[in-house]
Novice: 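Below is the structure I would like to discuss, written out as structure tokens.
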Amino acid sequence: MKALLIWAVLLNFYKLPKTGDCASTHDQVLSIQVTTHQQADIVRNISSQYETVLWSPTSPEYIGAHTEVHLFVPANKLGTVTDLLQTHLLTHQVLLDNTEDLIEMQTRNESSDPRSSASYYERYHSLEDIYYWINKTAQDYPDMVKVTLIGSSYEKRPLYVLKLSGRQERAEKRAIWIDCGIHAREWISPAFCLWFVQYSLNFYNLNNDITEMLNSMDIYVLPVMNPDGYKYTWTTNRMWRKNRSLSKESNCVGTDLNRNFDANWCTKGASNRPCDEIYCGQFPESEPEAEAVANFLRSHKDSVKLYLSIHSYGQMLLFPYSCSNEEVPNHAELFELVQEAAMKVRRYYRNNYKYGASAKTIYLAPGGSDDWAYNLGIHYSFTFELEDRGRYGFLLPPSLISKACNEALLALKSIALRVIQKT
Ligand code: ARG
Ligand code: ZN
């Protein structure tokens, strides 16, 4: 009897830290497996409270039964959140157990650490650094790079586009457009634009693919489409997605620039509530960043044959439509292009990318730049979601930048060379 009692006490004691052991002193990212509709309601609820930030899917409305949810939870709310998960029999794993350290590493890396062997392009850079880089690159390659100002952000930061051209004169040049950094927290995206520009300039006349691309097309690159948001992720909140425009009806800040274009604007898959991550804004192109890009593309629509928007994360090569389940007229052709690109990435980098029409591959997301560009007449229009699949998500470590960029570059070249043949 006595032994039993001791056992019971011991067992209980052993159980005690159960709730405590999840209460980390660090901010974490959890992966939560939702299996029932009731659980989906619970997680939707949690994700809109407790200062959590939903990483995947982008908006609570996309959480259904059988969804894997990635959720950032601040340290002081971990106990509450994990208790709630346990109560509702929701299983979870810790994806990142200390996001503060990861963030610190990624920003410290910025000032070139003499101990690090990583190149400039294998690190993340502040907005000021990127502006400096744009200027320097234009100076170093005066015959291949022209910088134009296409507009400014809500907080009046300049939106610079680099125009890359080969040294061969051609009568009427076709063009490619690439934008990065629509969403502030997707740091690998601006890193890719820098990587791409550097690669183009260094390997022109050395690598056949890039030489052919630059000889037949001008390439417009917008490295940071959302400078206010990007700045904010460096100074204040690493998890910020939208731009930083103030709204008249609400204290919430920011519009989702990829819901602000005129393509089934603000229908299902976008939100008219300013506090939401997928807020569509007051009207199409209400945001100066979206308007600047739209104006530029409208005035270059005859030459721009290929539109490309770079995001993360998820590893996907997507094409229109996002704003409806309808198939575009050249669906089969676009499907072949992304299929071929994904096949090359699989072969060379042993990495799997999903591919297909956005609405069917991820979710309905109206008001996106890719759909809008498509409807403008740019019938080769793509959105890339770069690495990874959620292991690090938005906090992809600098050591993984080169692989993420190289494989996306391979996919880009594959698609661009086909478009050159076709147009
Ligand atoms: N994940 C991105 C988003 O939610 C891109 C989706 C693909 N394209 C689009 N137009 N929604 O905005
Ligand atoms: Zn994005």
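Ligands are counted one by one from 1 in listed order, and the atoms in each one are counted from 1 as well. We're numbering straight along the sequence, starting at 1. It should be emphasised that the depicted structure is a prediction, and the values quoted were computed from it without experimental measurement. FYI, side chains are in, hydrogens and waters are out, and symmetry mates aren't considered; it's all heavy atoms of this structure.
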Novice: Near Gly368, which atoms of ligand 1 are under 4.0 Å from a heavy atom of that residue?
Specialist: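 The atoms of ligand 1 under 4.0 Å from a heavy atom of Gly368 are 10 (N).
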Novice: Yes or no on salt bridge (charged side-chain N to carboxylate O under 4.0 Å, His left out) for Arg44 and Asp41, after CA distance, side-chain angles and deciding distance?
Specialist: CA-CA 5 Å; Arg44 238 178 270 131; Asp41 288 339; 2.8 Å; yes
Novice: Do Tyr363 and Thr58 have side-chain atoms, one donor and one acceptor, less than 3.5 Å apart?
Specialist: yes
Novice: Is any N or O atom of Tyr363, backbone or side chain, closer than 3.5 Å to an N or O atom of ligand 1?
Specialist: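 It does: an N or O of Tyr363 is found under 3.5 Å from an N or O of ligand 1.
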Novice: Need the ligand 1 atom indices (1-based, order shown) with element for anything under 4.0 Å from a heavy-atom of Arg259.
Specialist: 3 (C), 4 (O), 12 (O)
Novice: Provide the number and element of each atom of ligand 1 under 4.0 Å from a heavy atom of Ile362.
Specialist: 6 (C)
Novice: Check ligand 1 against Ser358 and write out every atom of the ligand that is under 4.0 Å from a heavy-atom position of the residue.
Specialist: 7 (C), 8 (N)
Novice: Looking only at distance, does Asp371 have an N or O less than 3.5 Å from an N or O of ligand 1?
Specialist: no
Novice: Identify, by name, the N, O or S atom of His183 lying closest to the Zn ion (ligand 2).
Specialist: ND1
Novice: Answer yes or no: are there more than 12 heavy-atom neighbours, outside Arg350 itself, under 6.0 Å from its atom CZ?
Specialist: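 Counting neighbours around CZ of Arg350, 12 or fewer heavy atoms of other residues, nucleotides or ligands fall under 6.0 Å, so no.
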Novice: Give a yes or no on this: more than 12 heavy atoms of other residues, nucleotides or ligands lie within 6.0 Å of atom CD of Glu336.
Specialist: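 No, not enclosed.
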Novice: Considering only heavy atoms of Arg241, which atoms of ligand 1 have at least one such atom less than 4.0 Å away?
Specialist: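 Reading through ligand 1 atom by atom, the close ones are 3 (C), 4 (O), 12 (O).
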Novice: Residue-level breakdown please: for Ala365 versus ligand 1, do any non-hydrogen atoms fall below 4.0 Å on the side chain, on the backbone, on both, or on neither?
Specialist: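 The answer is both.
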Novice: Identify, for atom 7 (C) of ligand 1, the protein heavy atom at the shortest distance, and state residue, atom and that distance.
Specialist: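 Checking every protein heavy atom, the shortest distance to atom 7 (C) of ligand 1 gives Ser322 OG, 3.5 Å.
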Novice: For the residue pair Gln28 and His26, confirm or rule out a side-chain donor-acceptor distance under 3.5 Å.
Specialist: no
Novice: What angle, in degrees and rounded to 10°, do you get at the Zn ion (ligand 2) when you join it to OE2 of Glu186 and to ND1 of His311?
Specialist: 150°
Novice: Indicate yes or no: does an N/O atom of Glu385 lie under 3.5 Å from an N/O atom of ligand 1?
Specialist: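 Checking ligand 1 against Glu385, an N or O pair does fall under 3.5 Å apart.
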Novice: N/O to N/O below 3.5 Å, does that happen between Asp370 and ligand 1?
Specialist: yes
Novice: Counting neighbours of CZ on Arg418 that are heavy atoms of other residues, nucleotides or ligands and sit closer than 6.0 Å, is the number greater than 12?
Specialist: no
Novice: ring-ring contact (aromatic ring centres under 6.0 Å, His included) for Tyr132 and His125? Distances and angles first, verdict last.
Specialist: CA-CA 10 Å; Tyr132 179 86; His125 295 282; over 10 Å; no
Novice: In a check of side chain to side chain contact (heavy atoms under 4.5 Å, CB included) between Leu396 and each of Tyr313, Tyr124, Trp187, which one passes?
Specialist: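 Testing each of Tyr313, Tyr124, Trp187 against Leu396, the sole residue satisfying side chain to side chain contact (heavy atoms under 4.5 Å, CB included) is Tyr124.
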Novice: Would Phe296 and Tyr220 count as a ring-ring contact (aromatic ring centres under 6.0 Å, His included) here? Give the steps.
Specialist: CA-CA 10 Å; Phe296 184 90; Tyr220 296 106; 5.0 Å; yes
